[in-house]
Amino acid sequence: MEITISDSIKYIGCDDKTIDLFESQYPVPNGVSYNSYVILDEKVAVMDTADPRVTNEWLLNLERELQGKAPDYLVVSHMEPDHAGSIKVFLEKYPNTTVVGNAKTFQMMGQFMDAGLFDGRKQIVAEGDMLSLGKHELTFVMAPMVHWPEVMVEYESTEKILFSADGFGKFGALDVDEPWIDEARRYYLNIVGKYGASVQALLKKASALDIQKICPLHGPILTENLDYYINLYDTWSSYKPEEEGVLVVSASIHGNTKTAALKLNEKLQQAGVKTQFIDITRDSMSEAVARAFYYDKMVCLACTYDGGLFPPMQDFLHHLTAKAYQNRKVAFVENGTWAPQAAKCMRAILEPMKNLEFVEPVVTIKSTLQDEAQLDELVGALK
């Protein structure tokens, strides 16, 4: 499909529908896009490359827009291979191009390829530096740890475009018709979620710019109602819940804990509480992480296993701590036939996190749910 940005700024990225796991861990049933752009002016600037999976297609897209011209600059916003993986081939094909990046960019570039390819033709930029292409002018804004230390974004002042690196990106190929928010949330919270303070710092810088379009490195170009997207990023990066409600997360071995989880979910809904149920032994881990941040409360129901915690729940909670889970209320339901330990283990994993309130009572089940009054008491505490 043709992606239109403007008469002089062209989209040269590629969809990838052959990939099953992004970063070898996140399911992408609708694929992903590797976005790249070229600015055609007195000087020609290529804005990032693409994943090695699509190098040949990307080069053809670039050649189509260049129409025989040679690029003057390659701007490298981010050195992760899904965006920088075609730099080596590009530099070999266009040996007179100047590579633009910051000091950390080039340090990393030398770790991915022979520094001889770029040492003699690099332009190091820092916060606030500008690059004139003719009518277009790029201003460089450093964005360290969004989500690598070398990340920077670029603001083009003539057309008021922010090239936002991984910011405002989403899973899904560009020719897929789906809502932006769900896959953008899952992308942000699983990949960038740990670095909320860094995103907040970048949002503060961006608030001083007159931005009319956002061109990310994944997902669609954003052209309307930009406040909607910026406000969501502010919510996500400040670890605020999007909605009042309870995520009910079950990790059951033989099904008895899941039965209790479904009963709790039903009772919460009957009490007028919005809920979502996740079976962490079968449902997507990345979706579970995203939903844990979506709601203001969570109940974890898990079995005791080998004197500790059933591994699927342990894995889930470690994913949350890795993404700086905070500012929520959490309750526990444990199951154990002879020596229940799950609640103690779950709490120990989450206790180091900021601003978590642990809800009483802790419900203990011995093998099967016999007394629903325990659940009723917990429902009352979660309303």
Side-chain angles (χ1 to χ4, degrees), residues 1 3-6 9 11 13 15 22 26 28 30-35 37 47 77-78 139 141 143 146-147 151 153-245 247 274 276 286-287 289-296 323-328:
M1 63 183 297
I3 308 297
T4 301
I5 301 173
S6 74
I9 300 180
Y11 179 84
D15 279 346
F22 186 80
Y26 305 117
V28 281
N30 289 325
V32 69
S33 68
Y34 309 115
N35 295 349
Y37 311 89
M47 309 298 288
S77 306
H78 184 20
T139 299
V141 179
V146 184
H147 59 127
V151 173
V153 302
E154 299 81 37
Y155 177 66
E156 199 291 297
S157 55
T158 300
E159 302 198 46
K160 304 184 188 309
I161 294 175
L162 180 69
F163 295 92
S164 61
D166 273 344
F168 302 98
K170 69 175 284 291
F171 294 131
L174 295 189
D175 65 355
V176 173
D177 183 16
E178 64 183 2
W180 181 88
I181 187 170
D182 290 337
E183 289 295 74
R185 179 192 295 111
R186 188 166 70 93
Y187 175 87
Y188 173 85
L189 289 169
N190 284 278
I191 294 174
V192 191
K194 178 179 180 178
Y195 306 108
S198 300
V199 175
Q200 283 283 304
L202 179 58
L203 289 175
K204 185 176 180 179
K205 293 179 183 179
S207 68
L209 302 173
D210 179 10
I211 301 170
Q212 300 298 317
K213 291 182 182 180
I214 298 176
C215 291
L217 288 179
H218 295 293
I221 287 82
L222 307 178
T223 60
E224 297 178 350
N225 196 17
L226 297 187
D227 285 346
Y228 167 76
Y229 304 103
I230 292 169
N231 288 338
L232 276 171
Y233 256 66
D234 180 56
T235 296
W236 296 339
S237 59
S238 56
Y239 304 100
K240 299 172 186 172
E242 288 182 63
E243 187 166 352
E244 292 183 0
L247 180 69
K274 182 168 184 177
Q276 183 166 349
S286 58
E287 179 62 19
V289 169
R291 287 295 159 179
F293 282 93
Y294 181 82
Y295 292 107
D296 66 332
K323 303 306 176 186
Y325 185 70
Q326 57 189 272
N327 301 328
R328 304 295 192 280

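Please read all numbers here as calculations on a predicted model, not as lab measurements. Quick note: numbers below take in every heavy atom, side chains included, and nothing from hydrogens, waters or symmetry partners.
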- Could you go step by step and tell me if K323 and I191 meet the side chain to side chain contact (heavy atoms under 4.5 Å, CB included) rule? CA-CA 8 Å; K323 303 306 176 186; I191 294 174; 5.9 Å; no
- Task: Report the C-alpha distance between W180 and L222 in whole Å, list the side-chain angles of each, state the deciding distance to 0.1 Å, and finish with yes or no for side chain to side chain contact (heavy atoms under 4.5 Å, CB included).
- Result: CA-CA 10 Å; W180 181 88; L222 307 178; 3.9 Å; yes
- Query: Between I9 and M47, does a side chain to side chain contact (heavy atoms under 4.5 Å, CB included) hold up when you go through it step by step?
  - Reply: CA-CA 10 Å; I9 300 180; M47 309 298 288; over 6 Å; no
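K213 contributes a side-chain N or O that, together with a main-chain N or O of I5, makes up a donor-acceptor pair within less than 3.5 Å. At least one donor-acceptor pair under 3.5 Å links the side chain of Q326 to the backbone N or O of A324. Listed for the D296 side chain is a donor-acceptor partner under 3.5 Å among the backbone atoms of G245. In this structure, E287 contributes its side chain and V289 its backbone to no donor-acceptor pair below 3.5 Å.
With values rounded to the nearest 0.5 angstrom, K170 atom NZ is found 12.5 Å from R185 atom CZ. Annotation: the span from I230 atom CD1 to S237 atom OG amounts to 11.5 Å, rounded to 0.5 Å. N35 CG to I221 CD1: the interatomic distance, rounded to the nearest 0.5 Å, is 5.5 Å. Atom-to-atom distance recorded for L174:CG and I3:CD1 is 5.0 Å, nearest 0.5 angstrom. How far CD1 of I211 is from CD of E156: 12.5 Å, rounded to the nearest 0.5 Å.
Using a 4.0 Å cut-off between charged nitrogen and carboxylate oxygen, K274 and E243 count as a salt-bridge pair. Taking 4.0 Å as the cut-off between side-chain N and carboxylate O, K160 and D210 count as a salt-bridged pair.
Nearest heavy-atom pair, S33 versus G219, reported as atom, atom and distance to 0.1 Å: OG-N, 2.8 Å. Minimum interatomic distance between I214 and S164 (heavy atoms only, all atoms of both residues): CG2-OG, 3.4 Å. Taking every heavy atom of both residues into account, L202 and A143 meet most closely at CD2-CB, 3.8 Å. Counting all heavy atoms, side chain and backbone alike, D15 lies closest to D175 at OD2-N, 3.4 Å. Nearest heavy-atom pair across A292 and R328 is O-NE, 3.7 Å.
Aromatic ring orientation, Y26 versus F171: tilted (interplanar angle from 30° to 60°). Using a 30° and 60° split on the angle between ring planes, F293 and Y239 fall in the tilted class, from 30° to 60°.
Here the side chains of Y295 and E244 are not in contact, with every heavy-atom distance at 4.5 Å or above. Between Y294 and L189 there is no side-chain heavy-atom pair separated by less than 4.5 Å. Within the 4.5 Å cutoff, the side chain of H218 has heavy atoms near those of the V32 side chain. Counting heavy atoms from C-beta on, the side chains of L226 and Q212 never come closer than 4.5 Å. Using a 4.5 Å cut-off on side-chain heavy atoms (C-beta onward), L162 and C215 make no contact.
Every residue meeting the side chain to side chain donor-acceptor pair (under 3.5 Å) condition with S6, not counting sequence neighbours, appears here in chain and number order: E159.
Looking at D234 and Q200, their side chains do bring a donor and an acceptor atom within 3.5 Å of each other. Side-chain polar atoms of E154 and S77 form a donor-acceptor pair below 3.5 angstrom. Using modelled atom types, one finds no donor on one side chain facing an acceptor on the other under 3.5 Å when comparing D166 with Y188.
Counting only residues at least two apart or in different chains, ring pair (Phe, Tyr, Trp, His ring centres under 6.0 Å) contacts with residues 190-212 are absent. Contacts classified as side chain to side chain donor-acceptor pair (under 3.5 Å) and involving residues 223-233 (residues at least two apart or in different chains) are not found.
When each of Y155, Y37, F168, Y11 is tested with F163 by the rule ring pair (Phe, Tyr, Trp, His ring centres under 6.0 Å), just one qualifies, namely Y37.
Counting heavy-atom neighbours within 6.0 Å of K194 NZ, excluding the residue itself, gives a total of 12 or less.
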